[in-house]
Each structure stands twice: as C-alpha cells, then as structure tokens.
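Some notes on the structure that comes next.
Small disclaimer: the values here were computed from a predicted structure and weren't measured. Numbers restart at 1 for each chain; the letters A, B, ... are given by sequence-line order, proteins then strands. Values below: every heavy atom of this structure, side chains too, minus hydrogens, waters and symmetry copies.
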Protein chains: 2
Amino acid sequence: MATNNVRVREPWPLDETDTVIVRQLQRDARTPNNQLAELAGIAPSTCLARVRSLVDRGVITGFEARVDPAALGLGLQALISVSVRSGARHRMAEFSAEMRRMPDVLQLFFLGGSEDFILHIAARDSAHVRDFVLEHLSAHPFVASTRTSMVFEHVDRAVTIP
Amino acid sequence: MATNNVRVREPWPLDETDTVIVRQLQRDARTPNNQLAELAGIAPSTCLARVRSLVDRGVITGFEARVDPAALGLGLQALISVSVRSGARHRMAEFSAEMRRMPDVLQLFFLGGSEDFILHIAARDSAHVRDFVLEHLSAHPFVASTRTSMVFEHVDRAVTIP
DNA sequence: CATGAAAAGTCTAAAGG
DNA sequence: CCTTTAGACTTTTCATG
C-alpha cells in the first residue's frame, strides 16, 4: 500500500470543474472570480468556494508573480552539482538550510544518487558565478567537490493536470 | 491585453516603491491593489500604474497559481541528465522542443558543459520514471546516455530583489 | 454542494497638481 | 510622477433549494 504520504491527502481526482479552474489559474492567477466561474460554467459564489477548497486541500499551494532575473540585472544562470564530504553526510539538512538562505539561489535539489545537491543560481556575470562557487561552496567545510554548468535555456512549466 | 512593445532592457532600476510591490506580489500575486498601495505608501491608482509598468517592462512576467504535483498523484520527482549523440548536436533545439511537450516534464535546462540537458520530471512512482526514461529518452535516436537521480527535496524560491 | 441577491469592497479612468 | 474622486464592477456572505 502507498505509505509515502507526507500528510493526509485526498485522493487526487479533480473533477472536470476543478480542472478547468486550476488550469486557468496556472495560466493567470489573477483571473477574476466571475470570469473563472463563467469558464467553469458555475456561479461566482460556487467558484469562490471551489477555489478555496483547492487551496485548503493543498492542490493550489500559492499565487505568485514571476519575476525575470534578467530584468533585475541577473542575466546569467548556472546549475552547480555539489558533492558533500562523506564525513558531513549527516549534516546535509544543515547545508541545505544554509544554501536556501543565499539570495543567489533560485532552486535547490537534494538528490539521491552520485551527486548530493544541485543548485540553480542567478548571477550578474561569470565573475559572480565564480565568486559564488569559491566563497560559498569550495570554501565550505562540508563540500567535497562541485561542477558548474551554464544554463543556455531554461523552460519552467506548470505541472500538467491529468 | 498584451501590447507587443519591444522591451528595452534597463538593468535593475527598481526604486524602493517598485521593490515593495514586486516583493509582495512574489509572496501573493492576488494581493488587492488597495493593500499593495498601502504597503507601498502610495495611492491605489498610482500603484496600478506601477504594476502595469512592471509588467510592461518585463520585470514581472506573469501571475500564476502553484500546484502541488503530489496532490495530483505525482508524488515522485526526478532529475535526468541527458547527453546527446555527437551526430545529433545540431538538432538539440528540436529535441528540446520535443521534451517540453511531454506532460511529465516540469523543467528543462539546456546546458553548456559535459551534459547537454537536465530534465526535471514529476511521476506517480518509480515505474513511471523508468517508463519515461526508457520510452522517451533511451529509445530516442538523439540520446547517447542518461543518468537519473531521485529528488528527495526541492526548494524553489522566487528571485531575490537586490 | 450549488445558487441568487445584496452588501461590502475594489478597480480604474479622468482631471488636476 | 503622484493624488483625489466617483461610478462601474467584483467579491463575498448567507439564507435557501
């Protein structure tokens, strides 16, 4: 039996109406409730209740504005694979918490496999990438090695509703 | 109403007011304009103009609802590094376009360095991951090799406004 | 669960400093 | 670039099917 749940979870069937609502909110989180209702073919008050329920059930986890790093002068992105020293394996949670406090870090993946972490960072230029790696990774007592790759293209899509 | 302005990229001249607005919209894209104005210490109509300007300037690229893949039955995530056969290097754009059409793909990174792509996928279970790799990658004529790592933890943060 | 109607609140254009 | 004003529009609550 599937026992891998992080918290109690409703079985995932979104009905037709919820699916329409969620897809539209993925496209535009600020769609007015009455337009959303019309798209879904229900009354605005019903639609409001549906949206609230989707949030309460944890299907929708937030509404956020996307910001283009390049428009803020952060025109470069990199992925950095990080291997943790074997003696520091038990402190990876600590390392992870430290990394997510760095303003340059966009994403952190904690992995099973030959690499321990992948960091996705935004930077002004290659000197900024280099400084990040040297100051925050290579010099870090938990870090065994790193490998940096420049990101030429990044596609970030919303999860597709089945 | 997307007006197709050519966007001149002015690196990061966000003043104090824009910064407050953008930070709040990153936290909650549906903050009412009124509240946003009050937070920023300006009149609502001014705030409205600021938000529009941020969108027009390409600083804010969209407003979206976040959906938890696990709540849809996709409780597992993986990163898959893909190396492209040297004979297919000139067709990587084609490959990239193909991959982003797959519903399982959350993100695609096109990289410079020893690996060509990293795919971030969401899956129901490990059989789903295996099937994805076997059917869409290993069997693909452009693909030389792949390496799959399970994602134990994923932190995705909004870009920090300097 | 879904609805309509009414109250409460919000949006936004225009005109003016 | 910012503000005020005022009408139109949206959201939200709640009594009821």
Side-chain angles (χ1 to χ4, degrees), chain A residues 7-68 71-73 161-162, chain B residues 1-68 71-73 161-162:
Chain A
R7 64 186 134 144
V8 181
R9 233 184 252 309
E10 289 281 308
W12 61 87
L14 294 194
D15 67 16
E16 186 85 11
T17 303
D18 282 341
T19 302
V20 171
I21 291 172
V22 173
R23 286 221 182 95
Q24 178 57 30
L25 290 175
Q26 284 180 308
R27 239 176 261 128
D28 179 6
R30 308 218 294 182
T31 308
N33 182 60
N34 54 7
Q35 272 181 47
L36 208 53
E38 192 173 14
L39 274 169
I42 56 181
S45 52
T46 310
C47 189
L48 194 66
R50 289 274 190 161
V51 173
R52 281 211 267 250
S53 156
L54 286 161
V55 172
D56 288 348
R57 280 146 64 201
V59 175
I60 294 174
T61 56
F63 299 94
E64 55 181 46
R66 284 220 170 199
V67 172
D68 180 9
L72 302 174
I161 315 293
Chain B
M1 267 156 238
T3 45
N4 275 339
N5 308 358
V6 174
R7 277 156 193 163
V8 182
R9 170 160 309 146
E10 303 217 355
W12 92 78
L14 291 197
D15 64 16
E16 185 85 12
T17 303
D18 282 341
T19 302
V20 170
I21 291 172
V22 173
R23 286 220 181 97
Q24 178 57 29
L25 290 175
Q26 285 180 307
R27 238 176 260 128
D28 179 6
R30 309 218 293 181
T31 309
N33 185 58
N34 271 344
Q35 277 179 43
L36 209 53
E38 193 174 12
L39 274 169
I42 56 180
S45 56
T46 309
C47 188
L48 194 67
R50 288 272 191 161
V51 173
R52 281 210 268 250
S53 157
L54 286 162
V55 172
D56 288 347
R57 280 146 63 202
V59 175
I60 293 174
T61 57
F63 299 94
E64 55 181 49
R66 283 219 174 202
V67 172
D68 178 10
L72 302 174
I161 316 293

Whole-Å distance, B:Glu38 CD to C:dG9 P, equals 14 Å
Partners of B:Glu64 by side-chain hydrogen bond (donor to acceptor under 3.5 Å, both in side chains), sequence neighbours excluded? A:Arg66
Full working for side chain to side chain contact (heavy atoms under 4.5 Å, CB included) between B:Asp28 and B:Gln24: CA-CA 6 Å; B:Asp28 179 6; B:Gln24 178 57 29; 4.1 Å; yes
Rounded to whole Å, CD of B:Gln35 lies from C1' of C:dG9 at a distance of 11 Å
Just N and O in the side chain of B:Arg50: are any of them under 4.0 Å from OP1 or OP2 of D:dC1? no
Would you say the side-chain atoms of A:Arg23 and A:Gln26 include a donor-acceptor pair closer than 3.5 Å? no
Between CG of A:Leu25 and CZ of B:Phe63, what distance do you get to the nearest 0.5 Å? 13.5 Å
A:Gly58 and B:Asp68 have their tightest heavy-atom pair at O-CB, 3.5 Å
Using a 4.0 Å heavy-atom cut-off, write out nucleotides 12-17 of chain D from 5' to 3' as B (base contacted by protein), S (sugar-phosphate only) or - (no contact). BB----
Can you see if the side chain of A:Asn34 gets near the phosphate of D:dT11 - specifically, an N or O under 4.0 Å from OP1 or OP2? yes
Throw together a table of side-chain donor-acceptor distances under 3.5 angstrom for residues 36-52 of chain B, partners on residues two or more places apart or in other chains.
{"unit_1": "B:Arg50", "atom_1": "NH1", "unit_2": "B:Asp15", "atom_2": "OD1", "d": "3.0"}
{"unit_1": "B:Arg50", "atom_1": "NH1", "unit_2": "B:Asp15", "atom_2": "OD2", "d": "2.8"}
{"unit_1": "B:Arg50", "atom_1": "NH1", "unit_2": "B:Asp18", "atom_2": "OD1", "d": "3.1"}
{"unit_1": "B:Arg50", "atom_1": "NH2", "unit_2": "B:Asp15", "atom_2": "OD2", "d": "3.3"}

Distance, nearest 0.5 Å, that separates CD1 of B:Ile60 from CD1 of B:Ile21: 8.0 Å
I'd like to check the side-chain hydrogen bond (donor to acceptor under 3.5 Å, both in side chains) partners of A:Thr19; sequence neighbours left out, ordered by chain and number. none
Under 4.0 Å from any atom of DNA chain D, heavy atoms only: list the residues of residues 18-32 of chain B that qualify, in numerical order. none
At under 4.0 Å between heavy atoms, what does A:Ala43 touch on the DNA or RNA strands: base, sugar-phosphate, or nothing? sugar-phosphate
Regarding the side chain of A:Thr46, the nearest nucleotide among D:dC1, C:dT3, D:dT3 is C:dT3
Axial bend angle, the helix from C:dC1-D:dG17 to C:dG17-D:dC1: five-pair end segments, nearest 10°: 30°
Indicate yes or no: at least one non-hydrogen side-chain atom of A:Leu54 is less than 4.5 angstrom from one of A:Leu14. yes
